[in-house]
Structure formats: structure tokens, C-alpha cells
Amino acid sequence: MQLFDLSGRVAVITGGNGGIGLGMAKGMAAAGATIVVAGRDAAKNTAAVNEILSGGGKASAIPVDVLQEQSCRALVADTMKSHGRLDILVNNAGMSIRKQPEDYTLAEWHTVLDSNLTSAFLCSQAAYPAMKKGGAGKIINIGSMMSIFGAPFATAYAASKGGMVQMTKSLATAWAKDGIQVNAILPGWIDTALTRRAREQVDGLHESVLKRTPAARWGVPDDFAGIAVFLAAPASDFVTGAAIAVDGGYSSLA
Ligand code: NDP
């Protein structure tokens, strides 16, 4: 179906080497996109590329540290050098430092904000000229339930993810004229390396997520394949500035 066909498209996914990023990468690869896995960890990058290739998809890796401005810009430049185009950018790389706000150092605050929010701005800014030249583009930003809610251990993370939604809306309004759609996905609680660490650090988290999620389960990375394809494909050409929860109903429960 052409509405959901990504053949010939090139998709860069920051943090595409594991977790939610890899779930989205595999979905887009199955829809025909060529995937650029962009993570820091070389072994994880290679494993992710191999997983996509063994599923019949097309993929390669470009190492990136999204905390470095030059690395974000080089990611886009290297993609253009290797593939000659960039159609889809997924700003998915992210991390958290779980602490009470009074215990945060300024350096820790900046690490979280820069990893999650500033990186997405830099990669989007770097991608813009190529997308504008091509007359089309899709940018997908990964928010969180912390884009909507707060938590005592997540001040910097929630600030970054709330900012991600507002940045998404602003980029959407700025670049709609260029045929570029910018949307956000707000994942609920998903079983990945990130939340395995959270479950070790936050007492009762596992049980409270199960209790509060109407679908009565944690999400899995494969739950993001469909929404990623939709937001990357012609099916979403009039959808821009949206923030779509993929959360098993978590954010709908009073
Ligand atoms: P993972 O820890 O599995 O993935 C995080 C990814 O970000 C890794 O691939 C990691 O790559 C990459 N990353 C982190 N810092 C950098 C950096 N400086 N440069 C390059 N890559 C970096 O966790 P998730 O899959 O859960 O997280 C993916 C996104 O989803 C994040 O933005 C997270 O905030 C968001 N999210 C997750 C939820 C969940 O419940 N799991 C809920 C809501 C949002 P590497 O290992 O190579 O550094």
C-alpha cells in the first residue's frame, strides 16, 4: 500500500541501536526504508544493523554522540555523503539521571537536557537543508509520559521531554511550508534498558506501572513499529505538530 510505503526513503534514527529506537527501525525497514542506525556504542550499532539485515531490511551505522554539536552535524553530512538523501529523522536518543531536584548538579541538569532536547534541535537543524531541498521530510521526536506528567525523580528529564513537545510544535509551524512534518511520540512505560535501570532505582515502579496502565502490561519496542511507519509515510502528510501517546491508555486514566 503506497500510503505506508517507505521504499527509497532514508531514515536516520538516533539511539537506533536498541530499545524503542530499534523497534522503530525494524518497522521502517520492513516498510522499505534504508535505515541509518546512529548510536554511540559500536557493538550495539553493529548488532542492530545485523538484526535489521537478517530481517531482510537495509541498514548501516554511523556512530554519533548527540551530546556533541559537531557529531550531530557530521551524522547528517555523512548520511548525505553515503546515501545522497535524508527523508526521515527520528530524534530518539535519550537518558535520565534519577535524583531528587535538590540533589542535582548543574552539570547533570545540562547532561539530561543536552542529551534529550538540545540534541533533537541540533539534528533537526542539521537535517533541514537536505529535507527542504528534497521538498519533503519527516521528523519524529520521542517524548514521554513525562512530557505530560511529573515525577520527583525526573525534574530534568520531564523538563527535556516537555520541551520536546513544544519544540515539535514550533518546528512543525516553521517548516510546514517546506513540506516537512514534525511530530512527537509519547511512549508509556516500555521494557528497555532505560526502564530496567529505573526499576532497579525506583521502589515499586514495576507494580505501579502495571496497575496504572489500562492495557495491564509494559510496552515493548515492537509496539513502536506501526506509529513510526505512519509518521514517516505519506499516510501522515497532513499530520504535523502532533504529540501521539503510545501508552496502553496510561495517559487517559484519571
Ligand atoms: P535505551 O536506553 O534502550 O535507548 C536509549 C538510546 O539512546 C540508546 O540507543 C543510546 O545509545 C542512545 N543515546 C543516549 N545518549 C546518547 C548520546 N549521547 N549519543 C548517542 N546516542 C545516545 O532506552 P529506550 O529505548 O527506552 O529510550 C529511547 C527513547 O525513548 C529515549 O528518548 C527515552 O527517553 C524515550 N522513552 C522511553 C520510555 C520507556 O519506558 N522505555 C518511556 C518514554 C520515553 P548508546 O547505548 O549507543 O549510547
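Model, not experiment: these values are computed from the prediction. Counting from 1, the numbers follow the sequence of the chain as shown. In listed order, ligands and their atoms are each counted from 1.
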### Task
Please confirm whether Arg199 makes a cation-pi placement over Trp189, using NZ or CZ under 6.0 Å from the six-membered ring centre and within 45° of the ring normal.
no

### Query
Of all the non-hydrogen atoms in the protein, which one sits nearest to atom 26 (O) of ligand 1, and at what distance?
Thr192 OG1, 2.6 Å

### Query
Any luck finding a side-chain donor-acceptor pair between Ser124 and Asn91 under 3.5 Å?
yes

### Message
What protein heavy atom lies closest to atom 9 (O) of ligand 1? Include the residue and the distance to one decimal.
### Response
Asn17 OD1, 2.5 Å

### Task
Compute the shortest N/O to N/O distance between Asp41 and ligand 1 and return yes if it is under 3.5 Å, no if not.
yes

#### Entry: N or O contact, Asn92 vs ligand 1, cut-off under 3.5 Å
yes

### Query
Is any NZ, NE, NH1 or NH2 atom of the basic residue among Asp178 and Lys133 found under 4.0 Å from an Asp or Glu carboxylate oxygen of the other?
no

### Message
Starting from atom 27 (O) of ligand 1, what is the nearest protein heavy atom, named by residue and atom, and what distance separates them?
### Response
Leu194 CD2, 4.2 Å

### Query
Which protein heavy atom lies closest to atom 6 (C) of ligand 1, and at what distance to 0.1 Å?
Gly15 CA, 3.9 Å

### Query
If we ignore angles and hydrogens, is there a donor and acceptor under 3.5 Å between the side chains of Asp247 and Ser251?
yes

### Query
Is there a heavy atom in Met146 that sits closer than 4.0 Å to ligand 1?
no

### Query
Counting only heavy atoms, which portion of Arg40 has something under 4.0 Å from ligand 1: side chain, backbone, both, or neither?
both

#### Entry: Sub-4.0 Å heavy-atom approach of Lys44 to ligand 1
yes

### Task
May I ask you to decide if Gly94's main-chain N or O and Tyr157's side chain share a donor-acceptor pair within less than 3.5 Å?
no

### Query
What's the verdict on side chain to side chain contact (heavy atoms under 4.5 Å, CB included) for His83 and Ser60, showing C-alpha distance, side-chain angles and the deciding distance?
CA-CA 10 Å; His83 298 282; Ser60 59; 3.8 Å; yes

### Task
Heavy-atom contacts with Gly19 under 4.0 Å: which atoms of ligand 1 show up? List them by number with element.
3 (O), 25 (O)

### Task
Look only at the side chain of Asn45 and the backbone of Gly39, and say whether a donor-acceptor pair between them is shorter than 3.5 Å.
yes

### From Gly143, Gly188, Gly94 - option closest to atom 44 (C) of ligand 1 by heavy atom
Gly143

### Message
Side chains of Asp65 and Ser71 only: does a donor on one sit below 3.5 Å from an acceptor on the other?
### Response
no

#### Entry: Per-atom contacts, ligand 1 versus Val64 - under 4.0 Å to a heavy atom
19 (N), 20 (C)

### Message
If you take the nearest heavy atom of each of Val246, Asn116, Thr195, which one is closest to atom 39 (C) of ligand 1?
### Response
Thr195

### Query
Any idea which protein heavy atom is nearest atom 21 (N) of ligand 1, and the distance to it?
Ala93 CB, 3.8 Å

### atom 37 (C) of ligand 1: the protein heavy-atom neighbour that sits closest, reported with distance to 0.1 Å
Ile20 CD1, 3.5 Å

### Message
Regarding ligand 1, does Ser115 bring an N or O atom to under 3.5 Å of one of the ligand's N or O atoms?
### Response
no

### Query
How far is atom 19 (N) of ligand 1 from its nearest protein heavy atom, and which residue and atom is that?
Val66 N, 2.9 Å

### Message
Give the atom numbers and elements of ligand 1 that come within less than 4.0 Å of a heavy atom of Trp189.
### Response
40 (O)

### Task
Report yes or no: do Leu186 and Ile227 belong to one cluster of Ile/Leu/Val/Met/Phe/Trp/Tyr joined by side chain heavy-atom distances under 4.5 Å?
no

### Message
Is there a polar contact between ligand 1 and Ile190, counting only N or O atoms under 3.5 Å apart?
### Response
yes

### Task
Indicate if Leu194 and Leu113 have the same hydrophobic cluster label, given that clusters are the connected sets of ILVMFWY residues with side-chain heavy-atom separations under 4.5 angstrom.
yes

### Query
Does Arg217 make a cation-pi contact with Tyr250 (under 6.0 Å, within 45 degrees of the axis)?
no

### Query
So which heavy atom in the protein is nearest atom 34 (O) of ligand 1, and how far is it from that ligand atom?
Tyr157 OH, 2.5 Å

### Message
Check for me, please, whether Leu205 and Ile20 land in the same ILVMFWY cluster - side-chain distances under 4.5 Å, paths through other members count.
### Response
no

